[in-house]
Amino acid sequence: MARHRPELVVNCAAFHNVPQCEERPEEAFRVNCTAVRDLALICAEAGARLFTFSTDYVFGGERRTPWGEDDLPRPLQIYGISRLAGEHAALAAAPGHAVIIRTCGLYGQSGTRAKGGNFVDGRVADARAGKTIEMACEQVVAPTSTDDLSRAVFALAAAPALAPGIYHLVNEGQCSWYELTLAIAEILGLPARVLPVDRQGRSGTMRRPLYSVLANHKARRLGITLAPWRDALERYLRRRYA
Ligand SMILES: NC(=O)c1ccc[n+]([C@@H]2O[C@H](COP(=O)([O-])OP(=O)(O)OC[C@H]3O[C@@H](n4cnc5c(N)ncnc54)[C@H](OP(=O)(O)O)[C@@H]3O)[C@@H](O)[C@H]2O)c1
């Protein structure tokens, strides 16, 4: 920070393996909350803005309409709790400098190393290998292209007089993981065998939200919009697998 004197710091680091966060809550809070707080303090001291990512998993409950930035979060598991704590910690440590970007269901050119790639490429590989794909049909999300997300993040950074606070950035619309898998196969014309599975978001004692679609209310008010999820997916698949 001292050497480069950045005006903007973008923090993509997170402990985002949801089941592992249940097993290692202290590590989850260290990476997703304490480290974010420390980074916010350093940024505030240096006069730099901090953009730090958060997640749709801060939400839970019965609702079936997209969550806005002002809706009350209700995380259902340690991962979501640690991320929500990180949001509060960043905003408390750097009230004039912190921007929280909540997003959802990311896929892009460089997959997540910790998860061995991205969801979309994983399903393409499964379909090509002729596997029967069992996929959650009860969890509804807004799958988001990192290409579109990063463009929106740059637009946010360039917005004159951007106020600190929480912003949602996801591709428009919604689908279940099952519907997303069907769409991947359909766009590429792969003869995939996809079976819907409904576990009510539960794996063991851990719960995932059944509906975590975000609404980009604040970005839209700044004139920043993202494409519908299926258009973004089609663009990604055509570019990657053409
Ligand atoms: N992927 C999604 O669907 C999704 C959905 C909602 C929100 N998000 C959020 O978006 C952000 C980026 O996620 P992503 O999917 O792009 O994940 P990613 O590719 O796995 O990137 C996370 C980065 O964090 C680094 N990291 C993890 N633990 C660290 C530690 N203790 N110290 C330093 N660096 C550490 C990882 O380094 P290594 O590669 O060296 O491990 C990796 O470069 C995260 O905040 C994530 O929670 C993602």
Side-chain angles (χ1 to χ4, degrees), residues 1 9-40 42-43 50-60 66-67 69 73 75-91 98-123 135-136 139-154 156 166-171 174-177 180-181 184 201 208-209 211-216 219 226 229 232-233 236:
M1 292 290 287
V9 174
V10 181
N11 174 35
C12 299
F15 181 22
H16 53 44
N17 184 310
V18 181
Q20 283 181 13
C21 286
E22 292 295 302
E23 291 158 18
R24 288 150 41 198
E26 282 175 19
E27 187 181 340
F29 275 84
R30 207 163 55 240
V31 179
N32 295 338
C33 177
T34 314
V36 177
R37 189 271 317 261
D38 291 349
L39 202 50
I42 292 167
C43 286
L50 171 66
F51 280 18
T52 187
F53 284 94
S54 187
T55 172
D56 55 318
Y57 271 38
V58 298
F59 292 109
W67 299 95
E69 288 89 349
L76 300 174
Q77 65 312 93
I78 297 290
Y79 171 64
I81 296 169
S82 69
R83 301 311 301 264
L84 181 60
E87 294 182 359
H88 283 287
L91 291 170
V99 169
I100 314 292
I101 300 167
R102 291 186 186 140
T103 189
C104 171
L106 298 182
Y107 60 89
Q109 197 157 339
S110 338
T112 298
R113 200 171 63 93
K115 293 180 185 170
N118 76 50
F119 178 89
V120 174
D121 292 341
R123 299 303 71 76
M135 202 45 63
Q139 296 167 41
V140 178
V141 295
T144 297
S145 143
T146 55
D147 190 12
D148 289 12
L149 173 62
S150 39
R151 285 173 207 281
V153 170
F154 278 116
L156 208 59
I166 296 170
Y167 292 80
H168 291 175
L169 289 178
V170 291
N171 278 120
Q174 62 184 50
C175 63
S176 67
W177 295 108
L180 175 59
T181 307
I184 294 164
R208 294 175 187 270
Y211 187 93
S212 60
V213 178
L214 304 177
N216 307 333
L226 284 88
W229 69 265
L233 177 67
Y236 172 78

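Here the structure is a predicted model, which is why all the values come from computation and not from measurement. Order of listing sets the numbers, starting from 1, for every ligand and every atom in it.
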Residue set satisfying ring-ring contact (aromatic ring centres under 6.0 Å, His included) with F119, at least two apart, ordered chain then number -> W177
Under-4.0 Å heavy-atom contact with ligand 1, by part of [X] that carries it:
{"X": "T103", "result": "both"}
{"X": "Y107", "result": "neither"}
{"X": "A35", "result": "neither"}

Quick check: does [X] get an N/O under 3.5 Å from an N/O on ligand 1?
{"X": "H16", "answer": "yes"}
{"X": "T55", "answer": "no"}
{"X": "T112", "answer": "yes"}
{"X": "L106", "answer": "yes"}

| query | Under 4.0 angstrom from atom 43 (O) of ligand 1, is there any protein heavy atom? | reply | no
Would you confirm whether any non-hydrogen atom of the protein falls under 4.0 Å from atom 48 (C) of ligand 1? yes
List the closest protein heavy-atom neighbour of [atom]: residue, atom name, distance to the nearest 0.1 Å.
{"atom": "atom 30 (C) of ligand 1", "result": "V31 CG1, 4.5 Å"}
{"atom": "atom 21 (O) of ligand 1", "result": "C12 O, 4.0 Å"}
{"atom": "atom 5 (C) of ligand 1", "result": "G105 N, 3.7 Å"}
{"atom": "atom 40 (O) of ligand 1", "result": "R113 NH2, 3.0 Å"}

- Inspect the surroundings of CD in Q109 and state if more than 12 heavy atoms from other residues, nucleotides or ligands are less than 6.0 Å away. no
Quick note on ligand 1: atoms under 4.0 Å from a heavy atom of A14 include exactly 24 (O), 27 (C), 28 (N), 44 (C), 45 (O), 47 (O)
For F53, the atoms of ligand 1 under 4.0 Å from one of its heavy atoms are 10 (O), 11 (C), 45 (O)
Report yes or no: does a heavy atom of A114 sit under 4.0 Å from some atom of ligand 1? no
- Item | 4.0 Å heavy-atom contact, R83 with ligand 1 | yes
